[in-house]
Amino acid sequence: MRLSSRFVLIGLLLCELAAAEAPSASRVDVMHWWVSAGERNSINAMRQHIEHQGLVWHEEAVAGSGTNRFSDELRQRVADGKPPMAAQAIGYDIQDWARQGQLVMLDDIAREQQWDEVIPFAIQHLSKYQDHWVATPVNAHSTNWLWVNHAQLTRLGLKQPDTWPDLIAMLDSAKAAGLIPISIGHEAWEHTLLFESVAAGAGGVEFYRRTFVELAPNAQDIEMLQLIFERMSQLRNYLDTGFSERSWNQATDLARSGEALMQVQGTWVNGEFSAHGLVPGQDYDCFRFPDTQGMMLLNSDQFILFKDYPAEPETRDMFVSTLISIDLQRDLNIAGGAAPARVDVPRDQFNACGQQAINDMRADNMRRTIMGSIAMGNAHPAPVKNALYQVITDHLMGRISNTQAVTRVESIITAAPRP
Ligand code: GAL
């Protein structure tokens with residue numbers, strides 16, 4: 001080989017080495033639980049925006065909707081000294097990681113980009129630990145919705161239910177017509193999600209806040225629990241009898257095909273339906289759970305960054321700024337079905353359910369009626385959530401009476417440390 005061609009070869013090799021090394025500086029390692037069709041669309045939107053900034057995307061998905069299945073895996077990685085750069089997190093789990101001193105503080109970037117001005121208070125409360133930003137919120141899901149099959153609604157001559165009796169009448173006609181009135185999946189968080197809508201509808205904002213957020217119910221609030229469990233018992237008669245076999249998105253499929261009239265679930269169902277090409281007002285309707293109009297039970301997906309991951313500060317900053325950007329929040333939430341986590345994202349490209357979610361979030365932020373979802377761990381710390389899961393599922397499965405359920409909830413709440 002001539003000397004000059006040897007130089008060319010060495011030059012090429014060096015270039016290749018440099019190219020092989022480049023990704024490590026700009027690589028983002030992201031752990032999340034978004035695996036259903038609509039959720040994949042959200043993650044793809046995130047990936048596109050991240051890659052557009054020249055970062056190299058690497059992801060690990062662990063299904064589990066924020067449950068222990070996901071958190072155990074994340075905890076294991078952290079314990080093994082191999083945390084991801086960023087992980088999806090919801091509710092009080094964020095505080096828990098921050099308390100352990102694991103998280104990167106985001107105050108500088110938050111100040112620079114004025115997060116305090118554009119993120120609703122109820123979300124800030126969950127994204128901050130001891131007044132420091134430790135998480136980047138990407139959406140504002142809410143759980144108090146009915147997702148109704150439009151063809152069945154029309155066929156049965158039904159309309160939006162306003163109150164509890166309206167809902168029961170609607171479920172009765174679905175049952176008489178041989179439909180599954182409400183589809184639901186097998187996990188405790190899904191049962192709790194139904195419970196929280198029933199609770200908020202029966203007891204109202206102040207009851208919900210005192211009992212489940214402040215963990216300081218008064219005597220009337222405890223009495224109210226009796227009515228709530230009576231209503232849950234009533235709903236038992238309308239649930240899909242095969243629910244112990246189903247995941248949340250298989251339950252969504254039943255509402256999509258019209259085998260079920262409706263599913264009571266979070267706005268991620270809007271993402272799921274959209275991923276299958278369905279359109280609000282034509283194929284499905286989104287109604288606030290009766291008597292919860294004017295309230296938003298919140299679940300905000302957020303991303304936390306681990307201190308012990310050897311990231312370049314510029315890569316971290318770029319990642320975080322991209323997640324909070326108006327453009328990403330628009331595209332991610334058009335795909336995922338939620339409202340964005342910031343109040344200033346233009347709503348014109350969202351579908352009708354997305355637009356309603358955005359309007360509700362803006363109004364409820366001003367009214368201070370955005371409250372954390374119990375089911376998704378946004379209302380109180382995980383030990384209380386897990387204890388409530390157990391009672392609510394035991395009750396829904398008919399293993400305990402209404403009165404036993406009330407006594408157990410009362411003792412969980414009164415024994416819990418006040419936040
Ligand atoms: C939640 C998550 C939502 C949605 C849902 C169902 O925990 O915050 O974004 O993915 O689970 O998997």
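Numbering of ligands and ligand atoms starts at 1, following listing order.
A donor-acceptor contact shorter than 3.5 Å is absent between the side chain of Glu272 and the backbone of Val269.
Surrounding CG of Asp80 are more than 12 heavy atoms belonging to other residues, nucleotides or ligands, all under 6.0 Å away.
Between Glu117 and Arg111 there is no salt bridge, since none of the side-chain N atoms of the basic residue sits less than 4.0 Å from a carboxylate O of the acidic one. Ionic pairing of Arg69 and Glu73 is not present here: no N-O contact between side-chain nitrogen and carboxylate oxygen is shorter than 4.0 angstrom.
For Asp283, the side-chain hydrogen bond (donor to acceptor under 3.5 Å, both in side chains) test picks out no residue, with sequence neighbours left out.
For ligand 1, the protein residues within 4.0 angstrom (heavy atoms only) are Trp33, Trp34, Glu39, Ser65, Ile90, His141, Trp248, Trp268, Asn299, Asp301, Met376.
With rounding to the nearest 0.5 angstrom, the CG atom of Asp301 is 8.5 Å from the CE atom of Met46.
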